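Counting convention: from 1, in listed order, for ligands and their atoms alike. Start at 1 with the first residue, then count along the sequence. Owing to the predicted nature of the structure, the values given are computational and were not obtained by experimental measurement.
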Amino acid sequence: MVEWKNLDTLKAYQELKDTERVNLAEVMSGENGAERVKTYSVPMAEGMVYNYAAKAVDGKVLEALAKLAKEAQLTEKFAALYNGEVINTGEKRLVLHQLTRGQLGDAVVADGVDKRAFYVEQQKKVTEFANKVHAGEITNAAGEKFTTVVQIGIGGSDLGPRAMYLALENWAKKHDTFKMEAKFISNVDPDDAAAVLASIDVAHSLFVLVSKSGTTLETLTNESFVKDALAKAGLDASKHMVAVTSETSPLAKSDAYLAAFFMDDYIGGRYSSTSAVGGAVLSLAFGPEVFDRFLAGAAAEDVLAKKENLLENPAMLDALIGVYERNVLGMGCTAVLPYSQALSRFPAHLQQADMESNGKSVNRFGEPVNYVTGPVIFGEPGTNGQHSFYQLLHQGTDIVPLQFIGFKNNQCGVDVDIQDSTSQQKLCANVVAQMVAFACGKEDENRNKYFAGGRPSSIIVGDQLTPETLGALLSHFENKIMFQGFVWNLNSFDQEGVQLGKVLAKRVLAHDTDGALKAYSELLNI
Ligand SMILES: O=P(O)(O)OC[C@H]1O[C@](O)(CO)[C@@H](O)[C@@H]1O
């Protein structure tokens, strides 16, 4: 039986607070630093590693974190989740996104259905559909092949699939598995849909409407926008559109779509990249085999998250070091910094995944907590970020923990040698330099040029960003967020905080306003 307790009631948390602080600049200098880089490393799936040498931890802190993991019953809570307990207490739902990529425990039967079988069946339907589109068996009315896929969705129905598409676009082109270009429409700003529609040939475009609820204002508005454009082009929208939704949504039984693929209420939008939500667009863009490889990577990483030994469980370790930084060292933000252009939207996806999950002030029973929870997440790919906000990261008054991601090889296989190094070497040299600069700092008599150091970072390193490593990376962060939610005793799987704004926006549009709502409406000429 698992016991759900607030962090500040755990003995191990008090012990963690009492452990001696580690002087990061000191432990990372000289041979000691070299030794840490070699040993403070945990294997991940698909040949990747999570290296935490530049985190302000040592044997004693790690021991305290291991005790905390045990007392908080993180392994047992993960097992409860994948074995089908009602973990999402706010919405009284199971949490089953890991089942889209593998069976980690017992068969989970809900609503009379084996859930793993259901997700596999939906992916099989997507596969058959995508294969027919690629083979020209499903075509536009003129019998011509579709060349472009456009996803319409927002939040979890956009960010994850978009980030994954961008992550694999160049890889797929290089490996001759690029089938269709993908575009994404998300914002209710009409300029978003207009710009995408202006950039495509609508007659050869297939639209994937993605909304779990089938009620999201932005998505339904953009669907109408697209249908309008199709009608103006003399095209039958129902021959150009498929839906991805839940079986209970208003979109499910409509004949307005060529086909419908389902996920369900047990998969949160921000955790839906490995369900039909990501499956449809990614299978159409790159072929179902690539999507299968992505799922295999995620499944392999999920298995590691089951390990009880903290030092063998990269997601749990990353999560606990994050809790230490947040709750003991008092750091309020985390930057995600992939040294990979293909991961340009990965930080944006993690922003939703993390902040919508753990941005909460009440525990899973709705009672206020007396400690800080989820950090602010932001990020940009390196080296671009270095020329933008790294100034604050190096010398600002706040210390921001950093999550670097780097690959030894690029995806396109094209490079040049300029001034005795390739661009790939320059990219990797920069991430190495940054980690040491952040950790060790630099003495200087001129305070303006002085770097205090002691700024913690970790890095995930892989050989190359492939479908498998991308899947593993996604799973790592999803599981990290889950473990942190367990430690903070939150329900990481609902998002009530987004509702109020939606309700007020409806009132504004209905002109049912007073006070500041009315005044701001006038300011914006609504
Ligand atoms: O897929 P849907 O139901 O359209 O929801 C889109 C997004 O809206 C949210 O509910 C937030 O408003 C997210 O959690 C979700 O990913």
Could you tell me whether a side-chain N or O of D318 sits under 3.5 Å from a main-chain N or O of P314, the two making a donor and an acceptor?
no
Is E121 paired with K125 through a side-chain N to carboxylate O contact shorter than 4.0 Å?
no
Within the 4.0 Å heavy-atom sphere of ligand 1, strictly under, residues
I154, G155, G156, S157, S211, K212, S213, T216, G269, Q352, E356, Q495, V498, K502
Check: I267 main-chain N/O paired with K212 side-chain donor or acceptor under 3.5 Å
yes
Can you pull the salt bridge (Lys or Arg N to Asp or Glu O under 4.0 Å) pairs that have at least one residue in residues 272-300, sequence neighbours excluded?
R293-E468
Gap between atom CG of L68 and atom OH of Y324 - 0.5 Å precision:
12.0 Å
So if I apply the side chain to side chain donor-acceptor pair (under 3.5 Å) rule between R270 and each of Q495, Q352, E478, which one comes out positive?
Q495
